[in-house]
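The structure appears right after this line, and notes come after that.
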Amino acid sequence: MLDRHGQLDILVNNAGITVDKTVRKMTSEEWDHVIHVNLSGAFYLSKAILQNMLDNGYGRIINISSVIGSSGGFGQANYASAKSGLFGLTMSLALETASKGITVNAVTPGYITTDMTAAVPANVMDKLVANIPVGRLGEPNEVARVVEFLADPESSYITGQVYPVNGGLYM
């Protein structure tokens with residue numbers, strides 16, 4: 001990528017996989033796999049592009065976390081841990097780069113219409129939606145609007161922040 005374009009201005013760390021099982025039933029491999037993809041992936045990609053952003057004096061890193069990172073989820077200890085770990089990565093990297101023209105923020109989507117939520121059984125989804133004040137799942141474009149805002153050059157004074165996009169859940 002850098003070879004072709006010469007620089008990378010925006011990185012959106014959006015990896016997210018689940019292997020849902022209670023801690024009692026979860027294998028070490030299942031734990032490690034979700035942590036590696038969802039948290040370590042963001043670290044390694046950020047590290048890979050960081051020097052280029054520092055050299056250019058500009059960059060936007062946006063980590064996509066999850067409402068589950070704030071609330072936890074039954075059978076989702078690995079996913080919740082990885083997604084909450086992104087908060088610490090976001091804030092630490094923001095502190096390290098704030099004076100260098102780079103912003104680092106996180107977005108925490110709630111329940112969004114995706115392949116991941118499509119796999120949730122209907123009776124469980126009905127209960128989840130009943131707790132969302134707006135009364136529906138979010139749409140991917142609603143999350144994308146926040147990411148676009150944070151990626152904008154005019155958002156240079158916003159760093160180290162976490163933006164929930166969750167229809168009022170947990171307000």
Side-chain angles (χ1 to χ4, degrees), residues 1-2 5 7-18 34 37-50 52-53 56-73 76 79-98 100-120 124-171:
M1 181 79 150
L2 290 174
H5 299 287
Q7 71 182 53
L8 183 75
D9 294 332
I10 301 165
L11 171 64
V12 179
N13 286 309
N14 191 34
I17 63 165
T18 60
V34 171
V37 171
N38 296 4
L39 179 57
S40 298
F43 166 78
Y44 290 122
L45 285 170
S46 298
K47 184 172 174 56
I49 57 86
L50 189 56
N52 181 263
M53 287 182 173
N56 291 316
Y58 180 85
R60 301 287 183 262
I61 300 173
I62 301 154
N63 295 316
I64 306 300
S65 181
S66 169
V67 68
I68 299 300
S70 300
S71 67
Q76 293 189 303
Y79 185 79
S81 296
K83 292 301 186 174
S84 66
L86 287 172
F87 302 152
L89 177 62
T90 296
M91 292 173 211
S92 296
L93 190 54
L95 285 169
E96 293 176 17
T97 61
K100 312 239 181 342
I102 299 166
T103 64
V104 187
N105 292 288
V107 177
T108 59
Y111 297 101
I112 307 296
T113 304
T114 63
D115 291 343
M116 194 177 290
T117 57
V120 175
V124 174
M125 185 55 68
D126 289 344
K127 290 176 185 174
L128 293 172
V129 171
N131 289 317
I132 301 171
V134 301
R136 65 175 177 84
L137 298 181
E139 295 298 325
N141 65 311
E142 294 172 304
V143 177
R145 286 180 50 85
V146 177
V147 172
E148 181 182 24
F149 167 74
L150 292 170
D152 192 289
E154 293 185 26
S155 295
S156 63
Y157 198 62
I158 303 167
T159 194
Q161 301 304 303
V162 177
Y163 286 83
V165 181
N166 61 29
L169 193 62
Y170 306 122
M171 67 173 162

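All values below come from the heavy atoms of this structure, side chains included, with hydrogens, waters and symmetry mates left out. Here the structure is a predicted model, which means the values were calculated and not measured.
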Considering all heavy atoms, the nearest [X]-[Y] contact:
X	Y	result
Ala80	Gly72	CB-CA, 4.0 Å
Gly69	Phe87	O-CE1, 3.7 Å
Ala42	Leu86	CB-CD2, 3.6 Å
Met53	Ile10	CE-N, 4.0 Å
Leu93	Ser46	CD2-CB, 3.9 Å

With a 4.5 Å heavy-atom cut-off, do [X] and [Y] have their side chains touching?
X	Y	result
Pro109	Asn166	no
Ile61	Ile49	yes
Phe149	Ile158	yes
Ile112	Thr117	no
Thr90	Gln161	no
Asn38	Ile17	yes
Val104	Ile102	yes
Tyr111	Ile132	yes

Spacing of [X] atom [atom1] and [Y] atom [atom2] [to the nearest 0.5 Å]:
X	Y	atom1	atom2	answer
Tyr163	Thr108	OH	OG1	11.5 Å
Phe43	Ser40	CZ	OG	8.0 Å
Gln7	Asn56	CD	CG	4.5 Å
Ser66	Met116	OG	CE	8.0 Å
Ile64	Ile62	CD1	CD1	7.0 Å
Ser84	Leu39	OG	CG	8.5 Å

Run the side chain to side chain contact (heavy atoms under 4.5 Å, CB included) test against Thr103 and tell me which residues pass, sequence neighbours left out.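 Only Arg60, Asn105, Thr159 meet the side chain to side chain contact (heavy atoms under 4.5 Å, CB included) criterion with Thr103.
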By side chain to side chain contact (heavy atoms under 4.5 Å, CB included) - contacts of Leu45 (at least two apart):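 If we apply the side chain to side chain contact (heavy atoms under 4.5 Å, CB included) test to Leu45, skipping adjacent residues, the hits are Leu11, Asn13.
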Under the salt bridge (Lys or Arg N to Asp or Glu O under 4.0 Å) rule, what pairs show up with a residue in residues 146-171, not counting sequence neighbours?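 As it turns out, there is no salt bridge (Lys or Arg N to Asp or Glu O under 4.0 Å) pair with a partner in residues 146-171 once direct neighbours are skipped.
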Give every residue pair that meets the salt bridge (Lys or Arg N to Asp or Glu O under 4.0 Å) criterion with at least one member in residues 63-72, sequence neighbours excluded.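 Checked against salt bridge (Lys or Arg N to Asp or Glu O under 4.0 Å) - neighbours excluded - no pair reaches residues 63-72.
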When you measure from the side chain of Ser155 to the backbone of Ala151, do you find a donor-acceptor pair of N or O atoms at a distance under 3.5 Å? no
Between Asp9 and Gly59, is there a donor-acceptor pair closer than 3.5 Å when you use the side chain of the first and the backbone of the second? no
Could you pull out all residues at least two apart from Glu96 that satisfy salt bridge (charged side-chain N to carboxylate O under 4.0 Å, His left out)?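 If we apply the salt bridge (charged side-chain N to carboxylate O under 4.0 Å, His left out) test to Glu96, skipping adjacent residues, there are no hits.
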What pairs with Arg145 under salt bridge (charged side-chain N to carboxylate O under 4.0 Å, His left out), at least two apart in sequence or on another chain?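 Expected list: none.
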For Tyr170, does the OH atom sit with more than 12 other heavy atoms under 6.0 Å from it, leaving out its own atoms?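 More than 12 within 6.0 Å, yes.
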